[in-house]
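Heads up: the structure comes next, in structure tokens.
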There are 2 protein chains.
Amino acid sequence: MEEKKKKAITCGQLIIHDDIIKKVEENMPKEDDLYDLAELFKVFGDSTRIKIIWALFESEMCVCDIAYLLNMTQSAISHQLRVLKAARLVRYRRSGKTVFYSLDDNHIKQIFEMGMEHIKERQ
Amino acid sequence: MEEKKKKAITCGQLIIHDDIIKKVEENMPKEDDLYDLAELFKVFGDSTRIKIIWALFESEMCVCDIAYLLNMTQSAISHQLRVLKAARLVRYRRSGKTVFYSLDDNHIKQIFEMGMEHIKERQ
DNA sequence: TTAACATATGAACAATTGTTCATATGTTAA
DNA sequence: TTAACATATGAACAATTGTTCATATGTTAA
């Protein structure tokens with residue numbers, strides 16, 4: 001939120017009051033946090049990943065279980081698990097040839113439920 | 001979650017127990033809802049839109065105010081407001097030449113705060 | 001060791017997305 | 001009416017993304 005006024009905007013005159021500008025600047029999280037937050041939601045913004053997470057709400061599962069439940073290829077699931085792993089939303093443990101994935105976050109369920117409330121309100 | 005077993009998967013043998021499969025099928029939301037949920041999070045999955053929403057937490061604002069606060073062009077903001085409008089996350093009112101946007105949802109703030117908790121835990 | 005199998009991953013591809021630029025649309029003051 | 005201005009929007013473009021296909025990697029049983 002630094003370096004304002006540098007880029008030209010169409011509207012020359014501001015409607016907004018100074019104290020609101022100040023409040024926004026005070027309450028807006030840092031650029032890095034905003035970026036991370038967007039990255040987190042981006043991960044949730046794909047229905048395959050949503051389904052994987054929703055399956056893992058129930059129990060830990062191996063890759064082929066998830067592929068079976070979601071009726072998708074092992075490769076597609078594996079690629080998406082990598083994304084979830086990178087976002088630190090799932091953890092995994094290897095047991096022989098099988099790799100079991102499970103959720104690694106306490107907030108996901110609440111975030112999903114709140115999202116569902118939004119969906120349901122507008123149906 | 002219908003029509004399983006149609007697509008071939010690499011792993012022939014399931015590790016998962018039948019009662020877990022049943023639980024997942026019971027608790028997994030309907031395909032349409034999962035899709036809508038993903039669409040909602042997709043909207044949150046962009047830092048420009050996150051910033052717009054965070055600014056609107058403070059007060060209703062016109063397009064040029066938002067452009068000024070975020071140091072972006074009017075056009076970019078306008079395009080993103082259209083996305084937010086389509087997701088029914090913002091409403092607007094016209095006052096002369098100016099159009100004021102405001103938030104149209106009670107869940108957003110809680111969802112964002114929970115997302116932030118996730119971010120903060122892993123820093 | 002080797003065959004069998006679960007999983008991971010790189011390359012390719014089509015599809016989607018965010019911004020810019022130019023310009024259309026809507027509104028008001030003169 | 002018309003000029004000025006706030007906003008909306010279509011086209012274009014580069015960048016990102018999800019899946020598929022082929023195959024590499026890791027593990028175990030024989």
Side-chain angles (χ1 to χ4, degrees), chain A residues 6-16 34-35 38-53 60-87 90-102, chain B residues 6-16 34-35 38-53 60-87 90-102:
Chain A
K6 276 198 178 169
K7 212 165 197 172
I9 51 176
T10 302
C11 170
Q13 138 214 33
L14 288 181
I15 314 291
I16 199 171
L34 290 168
Y35 183 83
E39 286 306 302
L40 175 67
F41 288 133
K42 208 174 282 178
V43 173
F44 293 152
D46 172 82
S47 56
T48 298
R49 289 191 291 265
I50 294 241
K51 285 178 199 168
I52 293 176
I53 291 173
E60 72 166 9
M61 270 175 217
C62 72
V63 180
C64 82
D65 287 341
I66 301 172
Y68 167 81
L69 276 170
L70 269 50
N71 190 31
M72 291 183 71
T73 63
Q74 173 271 323
S75 180
I77 299 298
S78 204
H79 276 296
Q80 295 301 359
L81 283 169
R82 196 157 56 89
V83 176
L84 293 171
K85 218 171 5 181
V90 298
R91 73 172 86 82
Y92 65 97
R93 69 181 179 86
R94 193 175 253 284
S95 166
K97 285 177 283 192
T98 312
V99 178
F100 289 95
Y101 282 84
S102 59
Chain B
K6 278 199 173 166
K7 211 162 202 175
I9 52 175
T10 303
C11 170
Q13 139 214 31
L14 288 182
I15 315 290
I16 199 171
L34 290 167
Y35 183 82
E39 286 305 301
L40 176 67
F41 288 134
K42 208 172 283 175
V43 173
F44 294 150
D46 172 80
S47 55
T48 297
R49 289 190 292 264
I50 295 240
K51 285 178 199 168
I52 292 175
I53 291 172
E60 73 166 5
M61 268 174 220
C62 72
V63 180
C64 81
D65 286 342
I66 301 172
Y68 168 81
L69 276 169
L70 270 50
N71 191 30
M72 291 182 68
T73 63
Q74 173 270 324
S75 180
I77 299 299
S78 204
H79 276 296
Q80 295 301 359
L81 283 169
R82 195 158 57 89
V83 175
L84 293 172
K85 217 170 6 178
V90 298
R91 75 171 86 82
Y92 65 97
R93 67 179 181 85
R94 193 176 253 282
S95 165
K97 285 179 283 192
T98 314
V99 178
F100 289 95
Y101 282 84
S102 59

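Proteins come first, then strands; the chains are lettered A, B, ... in the order of their sequence lines, and each starts at number 1.
- Side-chain atoms of B:Gln74 and base atoms of D:dA8 include a donor and an acceptor less than 3.5 Å apart.
- In terms of position on DNA chain C, the residue among B:Val83 and A:Val63 whose nearest nucleotide sits closer to the 5' end is A:Val63.
- Nearer the 5' end of DNA chain D, as judged by each residue's closest nucleotide, is the contact made by A:Glu39, out of A:Glu39 and A:Lys97.
- Look at B:Gln80 and you'll find a side-chain N or O under 4.0 angstrom from OP1 or OP2 of C:dT19.
- The side chain of B:Ser75 lies closest to C:dT20 when the candidates are C:dT20, C:dA8, C:dC5.
- Whole-Å rounding puts the B:Ile52 CD1 to D:dT7 C1' distance at 14 Å.
- The nucleotide C:dT19 finds its pairing partner in D:dA12, both defining distances of the Watson-Crick or G-U wobble pair being shorter than 3.5 Å.
- Regarding contacts with the backbone of D:dA8, a side-chain N or O of B:Tyr101 is found under 4.0 angstrom from either OP1 or OP2.
- A 3.5 Å limit on both hydrogen-bonding distances identifies D:dA4 as the Watson-Crick or G-U partner of C:dT27.
- Taking the six-membered ring for Trp and thresholds of 30 and 60 degrees, B:Phe41 and A:Phe44 have ring planes inclined between 30 and 60 degrees apart.
- Between A:Thr48 and D:dT19 there is a side-chain N or O to OP1 or OP2 distance below 4.0 Å.
- At whole-Å resolution of the value, CZ in B:Arg93 and C1' in D:dT7 are 15 Å apart.
- Separating the CG atom of B:Asn71 from the P atom of C:dT20 is a distance of 10 Å, rounded to the nearest angstrom.
- An OP1 or OP2 oxygen of C:dT7 is reached within less than 4.0 angstrom by no side-chain nitrogen or oxygen of A:Arg82.
- Comparing atom distances between the B:Cys62 side chain and each of D:dT7, C:dT9, D:dG26 picks out D:dT7 as nearest.
- Put simply, A:His79 rests on the base of C:dT9: the two rings are less than 5.5 Å apart at their centres and nearly parallel, under 30°.
- Here A:Thr73 reaches the OP1 or OP2 of D:dT20: one of its side-chain N or O atoms lies under 4.0 Å away.
- To the nearest angstrom, C1' of C:dA6 lies 7 Å from CZ of A:Arg94.
- Nearest heavy atom pair, residue A:Ser47 against residue B:Leu34, reads CB-O, 4.2 Å.
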